[in-house]
Amino acid sequence: MMIKQSKANLDTQQAMWVIFSRGKLLIQTRVQTIPVAHFSDLPFLNSYIDDIHQLPPLNDSAHRDVPVFVVDLGSQHIEEDGWERVPLRSLLFTEQDIAFTVIGRAWQYIHFLRTHQYCGQCGAKAERVEWEMAMHCHRCGHRSYPRVSPCIIVSIHNNQQILLAKGVRHKEANMYSTLAGFVESGESLEEAVHREVFEEVGVRVKNLRYFNSQPWPFPHSLMVGFIAEYDGGDIRCQENEIDDAQWFDADNLPNTPPKISIAGQLIEETLSLISNK
Ligand SMILES: [Zn+2]
């Protein structure tokens with residue numbers, strides 16, 4: 001559900017404002033996060049009133065009563081004192097509380113609206129459905145919903161060691177993490193784990209255990225986490241994907257992702273598992 005707003009109902013209470021401009025997020029320099037404000041506190045939004053949408057209410061009790069408005073300024077840039085633009089990724093890692101439920105979700109909705117302006121079936125202009133999050137084609141009746149792309153992410157252990165890999169894209173950061181990859185059409189989550197692990201590092205795994213999941217808004221993944229046990233094979237890194245992969249002892253770990261990411265949580269869980277062996 002995305003509700004178009006009138007000026008009157010926008011200003012009834014304070015709201016969280018997720019404002020995108022040129023693919024980045026507009027934040028208040030003073031607080032270094034998204035504003036919690038009345039509409040009248042944000043005069044530069046006056047000319048964007050038709051582009052303001054309210055996200056569905058949040059489920060967590062801390063934020064349930066605060067409306068969340070999202071605005072896409074597209075390629076427009078706001079030159080306003082006290083405001084700056086930051087990459088979405090940098091805010092996600094600092095705003096633990098609202099990172100995925102507010103900011104990540106807002107970005108996924110905006111990405112959906114941007115990429116579904118025309119019907120994928122007949123090419124006519126699509127229109128937003130007022131009462132659910134969808135784009136509808138009035139010529140052929142085709143309706144599109146925000147895409148969610150499942151990805152598996154898996155932590156592998158063998159006795160008291162954990163297998164971590166450095167992706168080609170994270171070479172600069174020298175960051176070692178769990179393995180991850182998109183689920184292919186017609187594949188189960190478990191099949192995707194076995195295939196990805198073998199493709200990326202050449203080993204076999206067994207005894208998969210579901211761990212947790214996390215939406216990942218780049219642009220619309222759902223990370224489904226597993227912990228697996230090593231079953232056989234020698235490490236062989238996939239060209240163009242994995243720069244290096246190794247077995248690490250718990251007391252001699254490389255640089256790993258922060259706990260806010262599911263990768264960081266999987267590593268933490270696996271370490272506690274192998275330290276109890
Ligand atoms: Zn159509």
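The residues of the chain are indexed from 1 along the displayed sequence. One-based numbering, in listed order, for ligands and for the atoms of each.
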Ring centroid separation for Trp83 and Phe44, is it under 6.0 angstrom?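 Here the rings of Phe44 and Trp83 have centres that are less than 6.0 Å from each other.
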Only counting residues at least two apart or in another chain, list the ones meeting side chain to side chain contact (heavy atoms under 4.5 Å, CB included) with Ser275.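 Not a single residue meets the side chain to side chain contact (heavy atoms under 4.5 Å, CB included) criterion with Ser275.
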Once side chain to side chain contact (heavy atoms under 4.5 Å, CB included) is applied, do any residues pair with Thr115, and if so which ones, sequence neighbours excluded?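 Scan of Thr115 (side chain to side chain contact (heavy atoms under 4.5 Å, CB included), adjacent residues dropped) gives His111.
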Sub-3.5 Å donor-acceptor pair from the side chain of Arg114 to the main-chain atoms of Gly74, do we have one?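 No.
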Mind checking the CG-CG spacing from Leu45 to Leu73? Nearest 0.5 Å is all I need.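 Here the rounded value is 6.5 Å.
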Once salt bridge (Lys or Arg N to Asp or Glu O under 4.0 Å) is applied, do any residues pair with Glu269, and if so which ones, sequence neighbours excluded?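 Applying salt bridge (Lys or Arg N to Asp or Glu O under 4.0 Å) to Glu269 gives Arg209.
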Within less than 2.8 Å, report the number of protein N/O/S atoms around the Zn ion (ligand 1).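 My tally for this metal is 4.
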